[in-house]
Amino acid sequence: MIKAIRGMRDILPPETNRWQWVEAAAREVFELYGYREVRLPLIERTELFARSIGAETDIVAKEMYTFPDRHGDSLTLRPEATASVLRAVLEHGLDKGAGVKKYYTLGPMFRYERPQKGRYRQFYQINCEAYGVDAPELDAEVILLLLDILNRLQLGELRLLVNSLGCRDCQAHFKAALKNFLADKDGLCEDCRRRREANPLRVFDCKSPHCQAILADAPVLKDYLDEACAAHFARVLELLARHGVAYTEQPRLVRGLDYYTRTAFEVVAAGLGAQDAVAGGGRYNGLSRELGGPELPAIGFAIGEDRLLEVLPAALGQGQEFKVFLAALGEAARDRAFSLLQELRGQGLAAEMDFEGRSLKAQMSLADRLGAAYVVILGDRELETGVANLRPMRDFAYIQGEGVRLTEVAGGRMAVQQEEVPLDKLPEVLAQRLLGR
Ligand SMILES: [Zn+2]
Ligand SMILES: [Zn+2]
């Protein structure tokens, strides 16, 4: 048998219910903040990522799925979405006009990382990108939007880490100081020795404990912010504090990509390791120019869906359905049930039946396995009298604001209370019972 590629995985029901639930919650919040969805290709020219993410980053240097197409052009499966969204925004002139231009996108990303628990080579992100405004209010709003999404998902304790990376000028001063600091440090790993020359900021990505120890005394970006960048950051923090957001300033937070400027942030969930942020993002005002576009302030974030699903409480997003199962006995009853099935679905009720002529007992156990709320038993007698038995399989209740929710009766099955309903009234009666209308 052919199996899935190492590091890739299938996401199957009922787990997919939880994914849909998370994505629906995110879409709802995006709407509230005026964001609209874009759907983009998974493959782009390699150059797009090399120029935006940075050649010295781990992503570009080690982790991209890059291959020549049939004409020899170098293509890459997108390792992240920010560069692609900006590419599309510039290509279609979506950056034009007044106000903040707001877009979100959902989908898979690809990185050739060492497979380990919770890390996949095809992983999923929910991405938010906003363009056209450099005001600190937008930074604060984007962070509040992210927290709104995460709080809806009841992820428990979340920590917001923030830093300012300054503008390109601030970064130039800082990099010079950092290079100076690193100049006489022996024992840096080979990667860091290369980074020291090519792009010193990237040494902070190093996971080697030895390099980490050396970097403990390194200069911090915050001390190199000019007045405008410092004021911008102070205003972001003030707005967050005003909205009761607890944040931790993290002076070494640089994110693993070259394009960030000014505000950078990560959200870490208790229950995941410190390295494992569920979301992260920041400003990237310089990226448009790097890609040959106009000056375009920009900010965004990505939520790592795979990791988020790991910390999502087990009870959430299970997506219980209120199925009706038609248990039909005999050819005539099965024939009638087939039509009834479509009538029920026409009423918005999930409905199923058996196509294999099983015994009543086997059909009842199938109904149970499918999680049916009601079973309707149809036989010759029901066809003659035009009245069918309605059998509740579980306790259920209509809960205000949440729709109908199934609640299993403690200790198992509730006492069976059958009732008789005229066949032609079935869709109406079941819609009333299960959908509350
Ligand atoms: Zn600056
Ligand atoms: Zn190192």
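Indexing begins at 1, ligand by ligand and atom by atom, following the structure's order.
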Peer 1: To the nearest 10 degrees, could you say what angle the Zn ion (ligand 1) makes with SG of Cys167 and SG of Cys229?
Peer 2: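 If I round to 10°, I get 110°.
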Peer 1: For the Zn ion (ligand 1), which N, O or S atom of Asp226 is at the shortest distance?
Peer 2: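 Nearest to the Zn ion (ligand 1) within Asp226's N, O and S set: OD2.
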Peer 1: State, without any angle test, whether Arg345 and Gln342 hold a side-chain donor-acceptor pair at a distance under 3.5 Å.
Peer 2: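 Per modelled atom types, Arg345 and Gln342 side chains form a pair under 3.5 Å.
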Peer 1: The Zn ion (ligand 2) and Cys192: any N/O/S contact shorter than 2.8 Å?
Peer 2: yes
Peer 1: Just to confirm my numbers, could you give the angle made at the Zn ion (ligand 2) by SG of Cys211 and SG of Cys206, rounded to 10°?
Peer 2: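 About 110° at the Zn ion (ligand 2).
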Peer 1: Check whether NZ of the Lys or CZ of the Arg Arg252 lies under 6.0 Å from the centre of the six-membered ring of Phe204 and within 45 degrees of that ring's axis.
Peer 2: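 Ring-cation test returns no.
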Peer 1: If we count only N and O atoms by modelled type, under 3.5 Å, do the side chains of Tyr104 and Arg27 hold a donor and an acceptor together?
Peer 2: yes
Peer 1: Examine Lys185 relative to Phe181 and say whether NZ or CZ is less than 6.0 Å from the centre of the six-membered ring and inside a 45° cone about the ring axis.
Peer 2: yes
Peer 1: Under a 3.5 Å cutoff, is there a donor and acceptor pairing between the side chains of Tyr65 and Glu63?
Peer 2: no
Peer 1: Indicate if the distance from the Zn ion (ligand 1) to the nearest N, O or S atom of Asp169 falls below 2.8 Å.
Peer 2: no
